[in-house]
Amino acid sequence: MAYEGILLGMGNPLLDISAVVDEDFLNRYDIKLNNAILAEEKHVPMYEELATKYNVDYIAGGATQNTIRVAQWMLQIPGATSYMGSIGKDKFGEEMKKNSKAGGVNVHYYEDETAPTGTCAVCVVGGERSLIANLSAANCYKSEHLKRPENWALVEKAKYIYIAGFFLTVSPESIQLVAEHAAAHNKVFSMNLSAPFICEFFRDAQEKALPYVDYIFGNETEARTFSKTENVEEIAVKISALPKASGTHKRITVITQSSDPVVVAEDGKVKLFPVILLPKEKLVDTNGAGDAFVGGFLSQLVQEKSIEECVRAGCYAANVIIQRSGCTYPEKPDFK
């Protein structure tokens, strides 16, 4: 099977500025743990404070980019994955390019002349994280970039396409273009609920994309916000049964629940898969765990492995990532 360019991701590339902070820092900037939000005016000074007062790691991030990097790492086949998004023409942008290429991902960034590369503050307390994204250049992605022949060629080459819900805030038009292409050419299109605020405030764009989605990912908090009910298994079944634009693939819902089992719903039935439990003292940072899970999952899906294998690889990847700072991984996976 030809794997070159088999998996394409599109999203908001952000340079993660990751640091262990304290409760006082969270309180001053009104930040809650286990949350993902867009930066407001009150958060602006925080980035400078993190960079100057704390021991920070800079890591190429952004939800979709994390997922694609992890899938690439799991596959260990150079150029199996490609990625599009918007960065600025600055040192952070250069850092991002270097970082992604070193990871073996074929990146085609749109480089915006007017805005700096987007950043995401990753504030870690006791292994739990909170994300505050300052999209900047990531917010400037235009579907014109996607339509350029050298970029659309990536869409045509891919058999699997993945986009995190965060991209709904930036370029729903680009999402629609690739979603319709996937449906017309029997390709597998997957998305992520991504964050409670997406399910609440970008619902129209989300509902427009959903009929095209073959695999929908999310965690229990996002699922509950999406469905406004509590029972995660029921929610998973309900989402998988929503109308579909193409009958080629059925929709499968995959919901992670931290250390509780992964919920998979298809054909009106639910299966539960236990995760790899980690002793508390080994937990370093949950940032990127959900993205890594999807990356592991997709690395097996593109090889046409069973759902069981996909979930097993997802749990493996997430387990590796939470034992490290940021969405990083060792040189090679030891997934058997």
Side-chain angles (χ1 to χ4, degrees), residues 26 30-38 63 67 123 125-133 162-169 190-244 250-278 280 283 285-294 296-297 307-308 310-312 314-315 317-319 321-322:
L26 298 182
D30 190 21
I31 299 166
K32 292 178 179 60
L33 282 177
N34 293 318
N35 202 2
I37 59 169
L38 293 176
T67 291
C123 303
V125 176
E128 304 293 327
R129 57 86 180 135
S130 189
L131 309 177
I132 305 91
Y162 174 72
I163 301 177
F166 294 117
F167 202 50
L168 290 166
T169 73
S190 45
M191 280 192 80
N192 204 309
L193 296 174
S194 289
F197 83 86
I198 300 287
C199 302
E200 286 182 283
F201 306 115
F202 293 89
R203 190 63 176 231
D204 291 352
Q206 192 181 47
E207 288 187 345
K208 206 171 161 202
L210 256 173
Y212 297 92
V213 178
D214 301 309
Y215 285 83
I216 184 93
F217 298 92
N219 66 28
E220 75 279 36
T221 316
E222 296 148 9
R224 286 177 179 133
T225 307
F226 177 86
S227 154
K228 299 186 173 51
T229 55
E230 279 304 300
N231 186 313
V232 173
E233 293 178 33
E234 278 172 27
I235 297 167
V237 170
K238 210 150 86 184
I239 294 175
S240 66
L242 291 169
K244 275 198 103 248
K250 57 191 171 184
R251 183 182 300 107
I252 294 177
T253 310
V254 184
I255 297 174
T256 56
Q257 313 186 83
S258 189
S259 58
D260 289 332
V262 178
V263 176
V264 177
E266 62 174 311
D267 297 331
K269 296 186 189 69
V270 166
K271 279 187 184 162
L272 299 179
F273 297 90
V275 301
I276 307 163
L277 292 174
L278 188 72
K280 189 81 173 132
L283 175 69
D285 172 3
T286 55
N287 178 35
D291 303 335
F293 174 87
V294 180
F297 188 102
I307 288 286
E308 283 76 1
C310 294
V311 173
R312 195 169 75 83
C315 291
N319 185 264
I321 265 78
I322 60 176

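Since we're looking at a predicted model, the values are computed, not measured. Index from 1, following the sequence.
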Closest non-hydrogen atom pair between Ile322 and Ala289, with its separation: CG2-CB, 3.5 Å

Note, Val264 side chain near Tyr215 side chain (heavy atom, < 4.5 Å): no

Least distance between heavy atoms, Lys238 atom then Ser227 atom: NZ-OG, 3.8 Å

Phe273 side chain reached by Pro261 side chain, heavy atoms, under 4.5 Å: no

Nearest heavy-atom neighbours spanning Ala164 and Met191: O-CE, 4.3 Å

Spacing of CZ belonging to Phe166 relative to CZ belonging to Phe197, to within rounding of 0.5 Å: 5.5 Å

Donor-acceptor contact present, side-chain Arg251 to main-chain Ala265, <3.5 Å: no

Taking every non-hydrogen atom, the tightest pair across Gly296 and Ala317: CA-CB, 4.1 Å

Backbone N/O of Val294 and side chain of Thr67: donor-acceptor pair under 3.5 Å: no

Heavy-atom donor-acceptor pair, Asn192 side chain to Ser194 backbone, under 3.5 Å: yes

Cation-pi check, Arg312 onto Phe297 ring (under 6.0 Å, within 45° of axis): no

Distance, nearest 0.5 Å, that separates CD1 of Ile132 from CD1 of Ile37: 5.5 Å

Taking every non-hydrogen atom, the tightest pair across Cys123 and Ile31: SG-CD1, 4.3 Å

From Asn219 atom CG to Thr221 atom OG1, the distance as rounded to the nearest 0.5 Å: 4.5 Å

Euclidean distance, Asn319 CG relative to Leu277 CG, rounded to 0.5 Å: 9.0 Å

Basic-acidic side-chain contact under 4.0 Å: Glu308, Lys271: yes

Gap between atom CD of Gln206 and atom CD1 of Ile216 - 0.5 Å precision: 6.5 Å

Test item: Arg224 side-chain N/O and Thr229 main-chain N/O as donor-acceptor pair under 3.5 Å: no

Pair Lys244 + Asp214, salt bridge at N-O below 4.0 Å: yes

Closest non-hydrogen atom pair, Gly165 against Ile198: O-CD1, 3.7 Å

Side-chain (Thr253) to main-chain (Ser240) donor-acceptor, under 3.5 angstrom: yes

Pairwise side-chain contact, Val262 with Val254, heavy-atom cut-off 4.5 Å (strictly under): yes

Test item: Val125 and Leu33 side chains (from C-beta on) under 4.5 Å apart, heavy atoms: yes

Point-to-point distance, once rounded to the nearest 0.5 Å, from CZ of Phe226 to CD1 of Ile255: 9.5 Å

Ile235 side chain near Glu230 side chain, heavy-atom distance below 4.5 Å: no

Asp285/Arg129 salt bridge by N-O under 4.0 Å criterion: no

